Amino acid sequence: MIKTIVWKNNKVVLIDQNALPLAESYVTCRTYQQVIAAIRGLTVRGAPAIGVAAAMAAALGAAALPALPLDQFRIKFSLICDEIARARPTARNLFWALERMQKCLDDNIAAEKKNLKKELIAEARRICAGDIAINRRMGKHGSFLIDDGDNILTHCNAGALATAGYGTALGVLRAAREQGKKLHVYVDETRPVLQGARLTAWEMQKEKIPATLITDNMAGFLMQQGRIDKIIVGADRIAANGDTANKIGTYSLAVLAGAHNIPFYIAAPLSTIDASLKTGAEIPIEERAAAEVTSFRGVPTAPRNIKVRNPAFDVTPARFITAIITEKGILEKPYGKSIRTVLKG
Ligand code: MRU
């Protein structure tokens with residue numbers, strides 16, 4: 001199994017997603033600041049993996065604090081969490097994980113537990129293990145939407161690498177394969193950072209899942225040719241009405257899917273839902289460095305000083321989404337209602 005993120009001897013070990021697919025190497029973070037840098041620099045990426053990394057960063061930060069009176073420990077921990085929260089703005093899972101860590105501290109203070117650092121480390125490890133279990137449940141639910149022989153298009157990387165393991169969108173495909181279904185995956189390369197070409201294609205090869213790599217602008221043509229039966233992608237944040245932020249390019253795929261009557265599925269854990277946001281218009285969209293668009297691995301691909309836009313995510317309106325696959329089952333339209341119900345239960 002691919003080990004995306006592991007807590008080992010009071011350190012956080014990450015597979016270096018920038019080095020893939022050329023090298024399978026690992027980065028060891030000893031401080032919470034190193035984990036923040038790894039999140040910003042995309043060493044670790046994908047909403048659920050970012051959440052797990054944030055929780056582990058908070059645990060590292062807590063573990064390094066000197067002995068302090070309780071109220072001061074709480075304030076210092078809260079400041080560390082605030083700093084981690086600024087690592088990246090879009091993935092809801094980052095904030096969800098930090099809220100869980102803060103609640104863990106409060107609950108343990110209330111229970112008068114002595115070793116708060118140990119409790120926080122244990123919570124971060126639970127968040128990590130829990131993510132894999134959630135993905136397996138999501139996979140099982142989603143696998144019923146997949147038919148034997150399907151050709152499935154995916155965008156970005158919503159696989160083991162984007163989570164603590166198994167994956168969300170790719171988890172659904174893994175589960176379908178475990179049930180003996182044959183399938184073939186079209187992998188969008190996912191400009192500008194190539195999470196599809198570098199990471200999803202690598203995962204597919206590693207698991208021997210038949211896959212074909214395409215550039216993003218080929219997807220519409222393949223849909224027109226009847227080559228794609230279903231589209232399944234992950235999510236970074238889902239608003240209360242089902243509008244979904246995911247990797248830039250997802251919106252175009254959803255519109256194309258609608259035009260060609262192709263089911264368009266989102267697979268995401270409940271921790272990706274942000275019910276405090278009425279619609280996707282309120283989701284903060286990260287704008288990343290121009291260099292991601294004007295060069296690749298340091299090699300220029302555009303003239304110097306050209307003006308650039310680089311939004312890392314877009315928002316797909318709920319009406320284009322056929323269903324949302326979660327660990328608690330498949331949500332259908334109207335999403336406002338199904339999301340409210342699933343969050344209550
Ligand atoms: O910028 P990234 O690589 O962190 O973006 C990742 C995505 O957009 C994924 O599709 C999303 O986080 C879902 S991952 C299960």
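The figures here come from the full heavy-atom set of this structure, side chains too, leaving out hydrogens, waters and symmetry mates. Here the structure is a predicted model, which is why all the values come from computation and not from measurement. Atoms within each ligand, like the ligands themselves, are counted from 1 in listed order. The residues of the chain are indexed from 1 along the displayed sequence.
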query = What residue and atom, counting heavy atoms only, is the protein's closest point to atom 14 (S) of ligand 1, and at what distance?
reply = A162 CB, 3.4 Å
request  = Just jot down the ligand 1 atoms closer than 4.0 angstrom to any heavy atom of A158, in number order.
outcome  = 14 (S), 15 (C)
message = Taking a cutoff of less than 4.0 Å between a non-hydrogen atom of the residue and any ligand atom, is N246 in contact with ligand 1?
response = yes
message = So for atom NZ, which belongs to K278, do other residues, nucleotides or ligands contribute more than 12 heavy atoms lying within a distance under 6.0 Å?
response = no
ask   = Does K230 make a cation-pi contact with Y265 (under 6.0 Å, within 45 degrees of the axis)?
value = no
message = Between R92 and E99 (salt bridge meaning N to carboxylate O under 4.0 Å), is one present in this structure?
response = yes
ask   = Rounded to the nearest 0.5 Å, how far does CD of E287 lie from CD1 of I248?
value = 9.0 Å
ask   = Parallel, tilted or perpendicular: which fits the ring planes of Y186 and H184, with parallel below 30° and perpendicular above 60°?
value = perpendicular
query = Does ligand 1 have an atom that lies less than 4.0 angstrom from a heavy atom of A312?
reply = no
message = Please confirm whether Q17 approaches ligand 1 to less than 4.0 Å, judged on its heavy atoms.
response = no
remark   = Under 4.0 Å between heavy atoms, the region of A235 that gets near ligand 1 turns out to be backbone
query = Just which atoms of ligand 1 are under 4.0 Å from any heavy atom in Q195?
reply = 1 (O), 2 (P), 3 (O)
inquiry  = I need the atoms of ligand 1 closer than 4.0 Å to a non-hydrogen atom of R88, numbered in the order shown.
reply    = 1 (O), 2 (P), 4 (O)
key: Atoms of ligand 1 close to G46 [distance to a heavy atom under 4.0 angstrom, numbered from 1]   = 4 (O), 6 (C), 12 (O)
message = Can you tell me if K118 has over 12 outside heavy atoms packed within less than 6.0 Å of its NZ?
response = no
K76 atom NZ: more than 12 heavy-atom contacts under 6.0 Å = no
message = Any carboxylate oxygen within less than 4.0 angstrom of a Lys/Arg side-chain nitrogen, looking at K206 and E24?
response = yes
key: atom 15 (C) of ligand 1 [closest protein heavy-atom partner, distance rounded to 0.1 Å]   = T168 OG1, 3.0 Å
ask   = Can you tell which of K247, M138, E292, R92 gets a heavy atom nearest to atom 1 (O) of ligand 1?
value = K247
key: For atom 7 (C) of ligand 1, the protein heavy atom that lies nearest, with its residue and separation   = D236 OD1, 3.3 Å
query = Where does H155 meet ligand 1, judged by heavy-atom distances below 4.0 Å: at the side chain, the backbone, both, or neither?
reply = neither
inquiry  = Within ligand 1, which atoms have a heavy atom of A47 less than 4.0 Å away?
reply    = 12 (O), 14 (S)
task = Answer side chain, backbone, both or neither: which part of C156 comes under 4.0 Å from ligand 1, heavy atoms only.
result = side chain
query = Any non-hydrogen atom of A91 lying under 4.0 Å from ligand 1?
reply = no
ask   = Between D188 and T190, does any side-chain donor sit less than 3.5 Å from a side-chain acceptor?
value = no
request  = Consider only side-chain N and O atoms of Q179 and S143, and report whether a donor and an acceptor are under 3.5 Å apart.
outcome  = yes
